[in-house]
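To find a chain, count down the sequence lines: A is the first, B the second, and so on, and within it residues start at 1.
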Number of protein chains: 2
Amino acid sequence: MNTDFSSAISAAPAFSLARAMPSNEHSTHSPREALMELAGPPRGYARGQHLFHAGDRDANLYFVESGSVKLYGITAGGAEQIFGFCLPGELFGLDVLGGPVHGCSAGVLEQTMVRALPVPEIRALYQRVPAVQQGIHRLLARRINELYDQMMVLSKKHADERLAGFLLGLDARLSGPQCKVHKLQLSMSRYEIGCYLGLALETVSRLLRRFDDEGLTCTRARRIQLCDIERLGALAGQTMASTAMITSLKFSA
Amino acid sequence: MNTDFSSAISAAPAFSLARAMPSNEHSTHSPREALMELAGPPRGYARGQHLFHAGDRDANLYFVESGSVKLYGITAGGAEQIFGFCLPGELFGLDVLGGPVHGCSAGVLEQTMVRALPVPEIRALYQRVPAVQQGIHRLLARRINELYDQMMVLSKKHADERLAGFLLGLDARLSGPQCKVHKLQLSMSRYEIGCYLGLALETVSRLLRRFDDEGLTCTRARRIQLCDIERLGALAGQTMASTAMITSLKFSA
DNA sequence: CGACGCATTGAACTGGTTCAAAACTCGTGG
DNA sequence: CCACGAGTTTTGAACCAGTTCAATGCGTCG
């Protein structure tokens with residue numbers, strides 16, 4: 001399978017895994033390399049396909065090569081709640097480390113390449129390269145802190161603050177910290193943004209319009225340019241600290 | 001320090017840690033025992049005191065002997081968001097495993113006994129008893145699934161569903177599955193319940209009144225009896241599966 | 001007892017939802 | 001190349017669950 005899907009998202013830096021897997025071991029393998037050697041071949045998936053569903057007995061973690069994936073659950077009432085979006089260079093499905101089954105579903109948002117990492121082999125690797133386990137611990141713990149942040153967003157922030165934060169977060173993860181252009185090609189619909197932010201899709205649409213009118217963004221369907229990072233950040237209530245956090249949290253469960 | 005604080009919460013079963021720490025090692029120590037040997041002596045705290053604040057460089061996990069603790073963060077706007085309540089037998093502060101600092105604050109809700117487990121010693125123990133690390137992994141991963149649940153609550157459920165689910169969850173954790181009485185002595189204020197559920201304290205108060213009027217509960221200040229578990233469960237949208245989940249998730253980060 | 005913190009209750013308000021319909025995008029095939 | 005059509009997105013208008021503000025009531029701990 002080829003890898004030239006013409007998506008802005010695919011252009012994100014791969015192997016940011018390095019930040020979470022310390023490479024203080026100067027032997028044959030760094031922990032990151034050791035872990036990635038377990039990964040199966042990249043496999044292609046199309047929008048709507050799934051890597052796993054909540055409750056599946058599938059002992060694999062997954063690594064995004066290119067494209068994007070949503071993690072979500074279905075409430076008792078049948079509504080969808082998105083727990084996070086996974087972008088290139090990120091690992092997901094971490095919650096399966098807690099037991100035999102996945103606690104959420106993973107659906108593909110666009111043409112996407114993914115590699116599987118078998119959990120039993122990861123566990124076996126702990127013996128040989130103890131630092132790998134450290135790295136996994138770190139990913140799990142960071143994911144918990146990401147979710148704490150998201151809980152604050154869902155229960156305390158206003159719609160416009162949620163959306164501004166979402167756009168800035170996506171931009172930071174896709175483009176890296178020192179990128180100047182701030183153009184995003186969204187792989188998710190307004191409905192999916194709403195599912196993630198706890199808003200109706202109409203609210204997302206109206207808000208994007210308002211941001212455009214106020215000169216914060218320039219939106220053309222799913223192509224969004226962030227024109228005023230400063231004011232978006234002020235709206236989102238971001239401190240320098242929280243911006244730094246985003247870049248250090250390149251991983252998802 | 002004595003341990004006879006007259007709180008219903010203190011009567012909860014200790015050492016439910018067993019469920020998360022597999023004891024397939026029949027040597028001198030079970031993983032759970034090995035872990036608990038690292039714990040310092042029980043120390044007493046009063047309402048309002050803290051075990052740690054977000055950002056503290058404190059490399060300890062904590063185990064609740066008796067009493068209760070809230071984990072919370074403060075939003076950019078200065079509002080409090082409670083991430084969870086920790087009850088006897090539960091371990092918290094797990095997010096410090098991801099780095100040098102805690103990602104949330106831990107405040108004591110009533111007279112409480114807590115034991116500290118130093119993270120470096122836990123790591124050292126991994127070498128001797130590999131199953132301990134497995135157990136910690138499991139706790140982290142389960143905590144992620146708990147937070148997924150809470151995100152669904154915060155963004156999709158109505159106020160009455162949130163409160164019903166909260167009361168049932170507390171009851172299950174405090175009394176064990178086969179307890180008949182369903183009487184709770186809350187250690188948190190209406191305000192704190194609201195902070196956890198994403199509601200105003202007035203809404204919590206009004207709803208408790210409505211539950212009483214409808215015969216679901218019998219409330220007298222912080223003493224609440226759940227009179228109709230069936231209907232509360234229906235309101236909360238709980239399936240058998242989700243009830244089973246609660247008991248298997250005895251731990252918090 | 002007296003007082004302060006907590007809880008209850010009422011009334012007005014509002015941010016975001018819901019429902020409904022029109023307009024747009026983009027892939028597909030004629 | 002353009003027209004078609006399904007799925008998205010936009011926009012408008014009414015509505016409502018829960019909040020906010022403001023008193024009043026209760027309990028419990030000096």
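With respect to the salt-bridge test (charged N to carboxylate O, under 4.0 angstrom), the residues R43(B) and E65(B) do not qualify.
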Given the rule in the ring-ring contact (aromatic ring centres under 6.0 Å, His included) test, do Y62(A) and F52(A) qualify, once you have shown the distances and angles that lead to the verdict? CA-CA 10 Å; Y62(A) 295 92; F52(A) 51 82; 5.7 Å; yes
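Residue D171(A) is tested with H182(A), Q225(A), K183(A) for a side-chain contact (heavy atoms from CB on, under 4.5 Å); the sole match is H182(A).
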Expected rows: protein N/O vs nucleotides 4-10 of chain D N/O, under 3.5 Å:
{"from": "dT9(D)", "atom 1": "OP1", "to": "R222(A)", "atom 2": "NE", "distance (Å)": "2.9"}
{"from": "dT9(D)", "atom 1": "OP2", "to": "R190(A)", "atom 2": "N", "distance (Å)": "2.8"}
{"from": "dT10(D)", "atom 1": "OP1", "to": "R190(A)", "atom 2": "NH2", "distance (Å)": "3.3"}
{"from": "dT10(D)", "atom 1": "OP2", "to": "R190(A)", "atom 2": "NE", "distance (Å)": "2.9"}
{"from": "dT10(D)", "atom 1": "OP2", "to": "S205(A)", "atom 2": "OG", "distance (Å)": "2.5"}
{"from": "dT10(D)", "atom 1": "O5'", "to": "S205(A)", "atom 2": "OG", "distance (Å)": "3.1"}

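Chain B approaches DNA chain C over the interval dC6(C) to dA11(C), counting the first and last nucleotide 5' to 3' with an atom under 4.0 Å from its heavy atoms.
Atom NE2 in H158(A) sits roughly 11 Å away from atom C1' in dT20(D) (whole-Å rounding).
Between Y72(A) and H53(A), a ring centre-to-centre spacing not shorter than 6.0 Å is recorded.
Residues L51(A) and N60(A) have side chains not in contact (no heavy-atom distance under 4.5 Å, counting atoms from C-beta outward). Residues E80(B) and Y191(B) have side chains in contact (heavy-atom distance under 4.5 Å, counting atoms from C-beta outward).
Nucleic acid contact for G198(B): sugar-phosphate only, since backbone atoms but no base atoms lie under 4.0 Å from a heavy atom of the residue.
Between Y196(B) and F166(B), the ring-plane angle classifies as tilted under the 30° and 60° cut-offs.
Residues H102(B) and D56(B) bring no donor and acceptor atom of their side chains to less than 3.5 Å of each other.
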